[in-house]
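See structure below.
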There are 2 protein chains.
Amino acid sequence: MKFIDEENIDFGIMLSKNGLSQTSFRKKLIKLFHLSNSSLSIDEVINGLHNNVDKATVYRALNAFEENGLIHKVPDKDNLLRYALCQKECSPTKHSHNHAHLLCDKCNSTYCLNDFKIPIENNYNGFIVSNSKIILEGRCVDCQ
Amino acid sequence: MKFIDEENIDFGIMLSKNGLSQTSFRKKLIKLFHLSNSSLSIDEVINGLHNNVDKATVYRALNAFEENGLIHKVPDKDNLLRYALCQKECSPTKHSHNHAHLLCDKCNSTYCLNDFKIPIENNYNGFIVSNSKIILEGRCVDCQ
DNA sequence: GTATAATTGCAAATGATTTGCGTTTTTATT
DNA sequence: AATAAAAACGCAAATCATTTGCAATTATAC
Ligand SMILES: [Mn+2]
Ligand SMILES: [Mn+2]
Ligand SMILES: [Zn+2]
Ligand SMILES: [Zn+2]
């Protein structure tokens with residue numbers, strides 16, 4: 001549980017600002033992400049919502065959120081997708097995910113590392129590097 | 001095409017050394033990896049072999065190769081699996097893939113970077129880091 | 001409020017990867 | 001070299017995550 005004052009965040013307006021219509025489901029979905037301090041898998045999303053939602057609807061919403069700069073994807077150790085809130089670096093028009101992720105190989109928690117700077121050279125032996133995916137696998141504090 | 005003297009490599013013996021039986025298909029498969037200087041997708045493997053092989057057989061062989069330290073998996077930009085020869089750091093008993101990969105987002109070529117050293121701390125704010133997956137995306141020399 | 005556009009739910013489709021199983025090929029033993 | 005045990009093969013069917021079609025519902029724009 002994150003220490004955000006959820007009362008003060010209008011998730012409907014947040015959706016509108018990012019070009020998404022505000023439906024009750026999508027408001028609950030974006031709120032769920034804001035209440036979690038880690039990434040979520042599809043099943044965790046569905047379990048996190050009381051009412052039963054269709055999986056296809058969830059996938060469509062997650063993809064819409066991603067295309068509009070609200071969340072981003074992180075692959076877990078089995079290459080399955082997890083979803084995490086975008087950090088400050090992202091906007092509806094531009095996604096930038098050059099930050100690293102910590103991934104617990106036991107419970108699959110994921111944490112975005114905003115302060116971890118990677119020494120990427122733009123040009124690596126003629127190869128032009130434009131983006132990086134960096135995943136540090138190991139054990140989170142709870143799983144050691 | 002890599003500059004290896006393929007005449008001097010006995011791929012059958014290589015398989016045996018790694019606990020795999022030498023079948024004509026598996027000998028061709030390991031040779032194909034040695035002739036390529038990049039990673040291969042399933043379809044590239046199948047196209048790289050004249051005779052028609054069953055996909056299930058290829059998957060089984062690739063998994064067997066991986067479990068025995070001959071190749072390792074690298075996810076492409078769509079999270080599909082590609083396969084690349086293991087570097088010196090690997091043995092039949094231990095896999096170590098803390099090296100970074102260059103991944104061309106146009107042609108999907110992948111290159112292992114043995115000399116790229118990442119500043120990983122063993123312990124990152126209480127999170128114990130035991131492995132890292134680092135993918136640098138961009139454009140290879142041919143695709144710019 | 002009415003028209004237009006986006007979202008939902010349910011079922012069916014996809015696409016990558018795996019599995020079951022009977023047959024064939026390899027490996028280990030005599 | 002013959003033979004038994006183990007591993008690999010080929011083909012079809014199964015799995016599993018994710019996507020798609022479509023008709024019904026809900027939201028946005030005028
Ligand atoms: Mn992140
Ligand atoms: Mn590699
Ligand atoms: Zn954990
Ligand atoms: Zn390329």
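Note that these values count all heavy atoms, side chains included, but never hydrogens, waters or copies made by symmetry. Just so we're on the same page: letters track the sequence lines, and every chain starts at 1.
- If you find the closest nucleotide of DNA chain C to B/Leu80 and to B/Ser24, the one lying nearer the 5' end belongs to B/Leu80.
- Looking at heavy atoms from C-beta onward, A/Leu70 lies in side-chain contact with A/Leu15 at the 4.5 angstrom threshold.
- At its two ends the helix from C/dT14-D/dA17 to C/dT30-D/dA1 runs along axes set 30° apart, each axis drawn from five pairs and the angle rounded to 10°.
- As rounded to whole Å, 14 Å separates atom C1' of D/dT28 from atom CG of A/Leu15.
- With DNA chain C read from its 5' end, the first of the two nearest nucleotides for A/Thr23 and B/Ser21 is the one closest to A/Thr23.
- If you take CZ of A/Phe25 and C1' of D/dT25, they are 15 Å apart, rounded to a whole angstrom.
- Along DNA chain C, read 5' to 3', the first and last nucleotides having any atom under 4.0 Å from a heavy atom of chain A are C/dA6 to C/dA11.
- A 4.5 Å side-chain heavy-atom check between B/Pro75 and B/Ile135 finds at least one atom pair inside the cut-off.
- Checked by atom type, the side-chain pair A/Glu137/B/Ser132 shows no donor-acceptor distance below 3.5 Å.
- Scored by the side chain to side chain contact (heavy atoms under 4.5 Å, CB included) test, A/Ser21 finds no partners at all (sequence neighbours excluded).
- Atom C1' of nucleotide D/dA29 and atom CG of A/Leu20 are separated by 17 Å, given to the nearest angstrom.
- In terms of the salt bridge (Lys or Arg N to Asp or Glu O under 4.0 Å) criterion, A/Lys77 has no residue partners (sequence neighbours excluded).
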Atom pairs, protein N/O to nucleotides 19-23 of chain D N/O, distance under 3.5 Å:
{"from": "D/dT19", "atom 1": "OP2", "to": "A/Asn63", "atom 2": "ND2", "distance (Å)": "3.2"}
{"from": "D/dG21", "atom 1": "O6", "to": "A/Arg60", "atom 2": "NH1", "distance (Å)": "3.3"}
{"from": "D/dG21", "atom 1": "O6", "to": "A/Arg60", "atom 2": "NH2", "distance (Å)": "3.1"}

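- Applying the side chain to side chain contact (heavy atoms under 4.5 Å, CB included) test to B/Leu49 and every residue at least two apart in sequence or in another chain returns B/Phe25, B/Lys28, B/Leu32, B/Val45, B/Val53.
- For the salt bridge (Lys or Arg N to Asp or Glu O under 4.0 Å) test, residues two or more places apart in sequence or in another chain that qualify with B/Asp105 are B/Arg139.
- Under the salt bridge (Lys or Arg N to Asp or Glu O under 4.0 Å) criterion, B/Lys73 pairs with B/Glu66, sequence neighbours left out.
- Considering only residues two or more places apart in sequence or on other chains, B/Lys106 meets the salt bridge (Lys or Arg N to Asp or Glu O under 4.0 Å) condition with none of them.
- Remark: P of D/dA17 and CG of A/Leu62 are 15 Å apart, rounded to the nearest angstrom.
- With rounding to whole Å, A/Arg26 atom CZ is found 14 Å from D/dT28 atom C1'.
- Legend: residues meeting ring-ring contact (aromatic ring centres under 6.0 Å, His included) with B/Tyr59, ordered by chain and number and at least two apart, are absent.
- The shortest side-chain heavy-atom distance between B/Phe127 and A/Cys140 falls under the 4.5 Å cut-off.
- Side-chain contact between A/Ile42 and A/Val58: present, with at least one pair of heavy atoms (C-beta onward) separated by less than 4.5 Å.
- Between the CZ atom of A/Arg82 and the C1' atom of D/dT18 there is a distance of 16 Å, given to the nearest Å.
- Whole-Å rounding puts the B/Glu67 CD to D/dA8 P distance at 10 Å.
- A/Asp43 meets the side chain to side chain contact (heavy atoms under 4.5 Å, CB included) test with A/Ser41, A/Lys55; sequence neighbours excluded.
- If you measure from atom NZ of A/Lys28 to atom C1' of D/dT26, you get 14 Å, rounded to the nearest angstrom.
- Over its length, the helix from C/dG1-D/dC30 to C/dA12-D/dT19 turns its helix axis by 30°, as judged from the five terminal pairs at each end, rounded to 10°.
- In this structure, the side chains of A/Leu20 and A/Ile30 stay at 4.5 Å or more apart for every pair of heavy atoms.
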